[in-house]
Protein chains: 2
Amino acid sequence: MEIITCNCSDCEHRSCARHVPIFSQLNKVQLERVLSLIKRRKYKKGEIILFEGNESKNLMIINRGKVKAYRYTPEGKEQILSIYSSGDFIGEMNILINQHSTYNAEALENTHICMIYKEDFEKLIHDYPDISLNIIEELVKRLEKTQSMLQSLGTKDIESRIGTMLLDFARNYGKDNKEGVLINLPLNREGMANYIGVTRETISRKLNALQEESIIEIIGNKKILVKNIEALSQSV
Amino acid sequence: MEIITCNCSDCEHRSCARHVPIFSQLNKVQLERVLSLIKRRKYKKGEIILFEGNESKNLMIINRGKVKAYRYTPEGKEQILSIYSSGDFIGEMNILINQHSTYNAEALENTHICMIYKEDFEKLIHDYPDISLNIIEELVKRLEKTQSMLQSLGTKDIESRIGTMLLDFARNYGKDNKEGVLINLPLNREGMANYIGVTRETISRKLNALQEESIIEIIGNKKILVKNIEALSQSV
DNA sequence: CGGCTTGTTGAACGTGATCAACTGGAGTGG
DNA sequence: CCACTCCAGTTGATCACGTTCAACAAGCCG
């Protein structure tokens, strides 16, 4: 017997609300209500989903794809704040507190977004207070992650920053295999540079150095195999 | 007629719950209930309130004083994550999600803390869901602030990082006067260095440079007068 | 007043940024 | 299917800036 995963648009639409941490406490009926409020939208790789300074009237939940949140430094360089993927929400500034977005969000690949209109979402929270608790949990986790990034950027030693980033990628986008962890990089070299606040050239050189130490293996531009994750961990 | 501000311990105790953003929606009766759950504790300057890795069974609300939250970088240097003052809470890792603290918290001056036991706080949130919304608001603001710090540390130009810090201090600890904004520094030179990820010597040199440009005036080690706040702003 | 911590200043050093030239690979069109 | 283009990535050489190390000065506490 064959297991069929349905990919029809209706089913995909339904997965907007399921598997989303902030709705995890809701029962079937409640989820149906959430679904009825959702509008979907697709973004192509490279498209901007959210602009810094703009106000959006929707909470945006990532259903499929990856998104980078970033700002520009005074020098005009892009500083990536975070990478979000399916199940994560963005646009919290507009919806959870009444402010304009403080970052840009760009689709790193073709991305499907589920949108809930602000006032609808406020009613949801009011009716199902458990959603608030889930949001709090998610926000505390984001805060912790951002603080870790902060700690990493406060570190002078750039090898250690790269180590932190690679470990982070290994956890989120890596697949274990017999030789180590194979990472499908969510960012190109320039993106990685903007993630840890260095230049593209430095990333190139340092990754090479790690490869010469046999800690990683660079497979084209889109993949990295981490062969010695302990060596990476202890540098951090 | 004279206005008398009561400083008796009972009144001070009551201010634990009043003026605290997360309880701002509560009425008098509800506040009384919160007050009945609070235990107070005093910390001397330099004492550690919260240890990274420890679990505390209390949410801690700062009633008086200032607290720095920090971690250590791989190199063993202290990285300050945030400075909290009266009305702010710490210990969210222990209470809001079930994890050990991810940072240390140290009293920057003599500090009074109001503590609410975890299970009591959970009941409070359950009974008064507005508290959750206030917590969400506070967490989003903290996230935004941490992201701004991240952006600042991603910036190579150190004058700009110092500018960001001074503007932050001016907003939170500054008093306007005819010559500019007088900042009562919450941190000493080393603290400032650990806040923006540089060395104490660099802080010293850069503050001097800013003084020579007549942008600031260094008044002893505890105060700085920002004479030209625009100049500072435009470097950021 | 003396001892100790905190801050300042100077000189040399090292590391990542910058600039520039080159390479490789993906995508396009003939 | 190959040739061409163009952008991403690499590599090398130089430079600039903040760190480091060291000595000294100033505050602050008893």
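Please read these numbers as outputs of a predicted model, since none were measured by experiment. Order of the sequence lines sets the chain letters (A, B, ...), proteins ahead of strands, with each chain counted from 1.
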Step-by-step salt bridge (Lys or Arg N to Asp or Glu O under 4.0 Å) determination, Arg71(B) to Glu144(A): CA-CA 12 Å; Arg71(B) 297 185 187 182; Glu144(A) 199 284 322; 2.7 Å; yes
Separation of dT5(C) P from Lys45(B) NZ (nearest whole Å): 14 Å
dC19(C) base / Glu201(A) side chain donor-acceptor hit below 3.5 Å: yes
hbond_proxy Arg205(A) side chain to dG9(D) base (donor-acceptor, 3.5 Å cutoff): no
Sugar-phosphate only, base, or nothing, as touched by Ile203(A) at under 4.0 Å among non-hydrogen atoms: nothing
Distance below 4.0 Å between Asn208(B) side-chain N/O and dT8(C) OP1 or OP2: no
Any Thr199(A) side-chain N or O less than 4.0 Å from OP1/OP2 of dA17(C): yes
Distance, rounded to the nearest Å, where Asn194(A) contributes CG and dG9(D) contributes P: 11 Å
Gap between atoms CD1 and P, on Ile224(B) and dG7(C) respectively (whole Å): 11 Å
Per Arg189(B) side chain, nearest of listed nucleotides dG7(C), dT19(D), dT18(C): dG7(C)
Base dC7(D) to side chain Glu190(A), donor-acceptor N/O within 3.5 Å cut-off: no
Spacing of Lys223(B) atom NZ relative to dG7(C) atom P, expressed in whole Å: 16 Å
Salt bridge (Lys or Arg N to Asp or Glu O under 4.0 Å) partner of Glu109(A), chosen from Arg64(A), Lys66(A), Lys44(A), Lys45(A): Lys66(A)
Criterion salt bridge (Lys or Arg N to Asp or Glu O under 4.0 Å) against Lys206(A), the qualifying member of Glu212(A), Glu201(A), Glu159(A): Glu159(A)
Ile218(B) CD1 to dG7(C) P, straight-line distance once rounded to whole Å: 12 Å
Ion pair Glu138(B)/Arg142(B), N-O distance below 4.0 Å: yes
Selected nucleotide, minimal atom distance to Asn221(B) side chain, candidates dT8(C), dT19(D), dT9(C): dT8(C)
Nearest-neighbour nucleotide for the Asn188(B) side chain, dG7(C), dG16(C), dC28(D) considered: dG7(C)
Protein-nucleotide distance (Asp157(B), atom CG; dT18(C), atom C1'), rounded to Å: 15 Å
Shortest non-hydrogen contact between Lys42(A) and Glu47(A), atoms and distance: O-OE1, 4.3 Å
Between dT15(C) (P) and Ile158(A) (CD1): distance, integer Å: 11 Å
Lys222(B) side-chain N/O to dC28(D) phosphate OP1/OP2 under 4.0 Å: yes
Touch class at under 4.0 angstrom, heavy-atom based, for Lys206(A) against every strand present: sugar-phosphate
Between P of dC22(C) and CZ of Arg200(A), the distance in whole Å: 17 Å
